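To find a chain, count down the sequence lines: A is the first, B the second, and so on, and within it residues start at 1. Just so you know, these numbers come straight off a predicted model, no measurement behind them.
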Amino acid sequence: MTTLDRLRQVVAGVPRGKVITYGQVAAAGGSPGAARLTVWALQKGMGLPWHRVVAAGGRIALPGEQGREQRLLLEIEGVKFRGNRVRMDLQNWTPRTPASRRKP
DNA sequence: GCCTTGACAATTC
DNA sequence: AGAATTGCCAAGG
């Protein structure tokens, strides 16, 4: 199980209607601070709900078209927006099966 | 084996 | 508020 695999699992574990930040994914995957790994994981990981991953504070990281699409997809799933930000107060998701669950 | 590239995050000015 | 700086990890050249 590589780090990227865990990151992908975290992303895959985000339920519909919720979002998570790059930092949270990285932290949950066992590498706090390595938000860029999350980027990598998403680019490589196909079939992942990449649109449920947003930048810190719920900002949409993608520029232009892709950003619009992400926002669309999220709205379709029931995520509420405040300007160009997600309402993290409501939509933030924290995985319940993080790397912290490793066997002792 | 070193350097660059990634849809970032947090701090500082 | 926006730009610059640093830290983090993995893959590809």
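In the hydrophobic clustering of this structure, A:V86 does not group with A:L72; members are Ile, Leu, Val, Met, Phe, Trp, Tyr whose side-chain heavy atoms approach within less than 4.5 Å, directly or through other members.
Nearer the 5' end of DNA chain C, as judged by each residue's closest nucleotide, is the contact made by A:P32, out of A:W40 and A:P32. Checking A:R36 against A:T2, the closest nucleotide of DNA chain C that is more toward the 5' end is the one next to A:R36. Map A:L37 and A:Q24 each onto its nearest nucleotide of DNA chain B; the residue landing nearer the 5' end is A:L37.
The two residues A:V25 and A:L7 come nearest to each other via the heavy atoms O-CD2, 3.3 Å. Nearest heavy-atom pair, A:I20 versus A:P95, reported as atom, atom and distance to 0.1 Å: CD1-CD, 4.0 Å.
Between A:R6 and the choices A:L4, A:T2, A:T3, the side-chain contact (heavy atoms from CB on, under 4.5 Å) rule is met once, by A:T3.
Chain A approaches DNA chain B over the interval B:dG6 to B:dA10, counting the first and last nucleotide 5' to 3' with an atom under 4.0 Å from its heavy atoms. Contact footprint of chain A on DNA chain C: nucleotides with an atom under 4.0 Å from a non-hydrogen protein atom, first to last in 5' to 3' order, C:dG7 to C:dG12.
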Side-chain donor-acceptor contacts of residues 29-50 of chain A below 3.5 Å, not counting sequence neighbours, with atom names and distances?
residue, atom, partner, partner atom, Å
A:T38, OG1, A:Y22, O, 3.1
A:T38, OG1, A:A35, O, 3.2

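Listed by first and then second residue, the salt bridge (charged side-chain N to carboxylate O under 4.0 Å, His left out) pairs that reach into residues 48-59 of chain A are A:R52-A:E77, sequence neighbours excluded.
Partners of A:P15 by side chain to side chain contact (heavy atoms under 4.5 Å, CB included), not counting sequence neighbours, listed by chain and number: A:K18, A:W93. Partners of A:R8 under the side-chain hydrogen bond (donor to acceptor under 3.5 Å, both in side chains) rule, at least two apart in sequence or in another chain, are A:D5.
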